[in-house]
*Asks:* 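A single structure is presented below for examination.
Treat the numbers as computed from the prediction; the structure is a model and nothing was measured. Quick note: numbers below take in every heavy atom, side chains included, and nothing from hydrogens, waters or symmetry partners.
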Amino acid sequence: MTISQMLGQSALLTLLGMGVVFSFLIIMIGAMYLLHAVIHALKLDKEPVKEERTSPAAVAPAVSPVSADNGAVVAAIAAALHEKLG
């Protein structure tokens, strides 16, 4: 088998493999569009509206304790960096 024959076979095999992959991708995209159409036609893509009633006691406070103490956290980090680097 000569080099030109081997190159010809490798080119054919490469094109055949790429053709199979491309065909699979085309089929997969078509199946996805078909599934989208079926789901949309059956109206399965809409989420049911849930009404949740919240009592005034269940509402979160405007300032959480975590965010109120950010200054102390920043000061502690700055002190640790100053001690480590200084």
*Asks:* Establish whether Leu25 and Met18 are linked, either directly or via other cluster members, by ILVMFWY side-chain heavy-atom contacts under 4.5 Å.
*Replies:*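 Different hydrophobic clusters.
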*Asks:* State whether the number of non-hydrogen atoms from other residues, nucleotides or ligands found under 6.0 Å of Ile3 atom CD1 is greater than 12.
*Replies:*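 No.
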*Asks:* Report whether Val21 and Met28 are members of the same hydrophobic cluster (ILVMFWY, side-chain heavy atoms less than 4.5 Å apart, transitive linking).
*Replies:*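 Yes; tracing contacts between hydrophobic side chains, which count when under 4.5 Å, links both residues.
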*Asks:* For the hydrophobic clusters of this structure (ILVMFWY residues joined by side-chain heavy atoms under 4.5 Å, transitively), does one cluster hold both Leu35 and Leu42?
*Replies:*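 Both belong to a single hydrophobic cluster.
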*Asks:* Would one find more than 12 heavy atoms of other residues, nucleotides or ligands at under 6.0 Å from atom CE of Met6?
*Replies:*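 Yes, CE of Met6 has more than 12 neighbouring heavy atoms, counting only those of other groups under 6.0 Å.
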*Asks:* State whether the number of non-hydrogen atoms from other residues, nucleotides or ligands found under 6.0 Å of Gln5 atom CD is greater than 12.
*Replies:*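 Counting neighbours around CD of Gln5, more than 12 heavy atoms of other residues, nucleotides or ligands fall under 6.0 Å, so yes.
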*Asks:* What about Ile77 and Val74, same hydrophobic cluster or not, with Ile/Leu/Val/Met/Phe/Trp/Tyr joined at side-chain heavy-atom distances under 4.5 Å?
*Replies:*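 Not linked; separate clusters.
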*Asks:* If you round to the nearest 0.5 Å, how far is CG of Leu7 from CG of Leu12?
*Replies:*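 Here the rounded value is 12.5 Å.
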*Asks:* Output the distance between atom CD (Gln9) and atom OG (Ser4), rounded to the nearest 0.5 Å.
*Replies:*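 The OG atom of Ser4 is 10.5 Å from CD of Gln9, to the nearest 0.5 Å.
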*Asks:* May I ask you to test the Tyr33-Ile29 pair for a side-chain heavy-atom distance under 4.5 Å?
*Replies:*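 Side chain of Tyr33 against side chain of Ile29, heavy atoms only: contact under 4.5 Å found.
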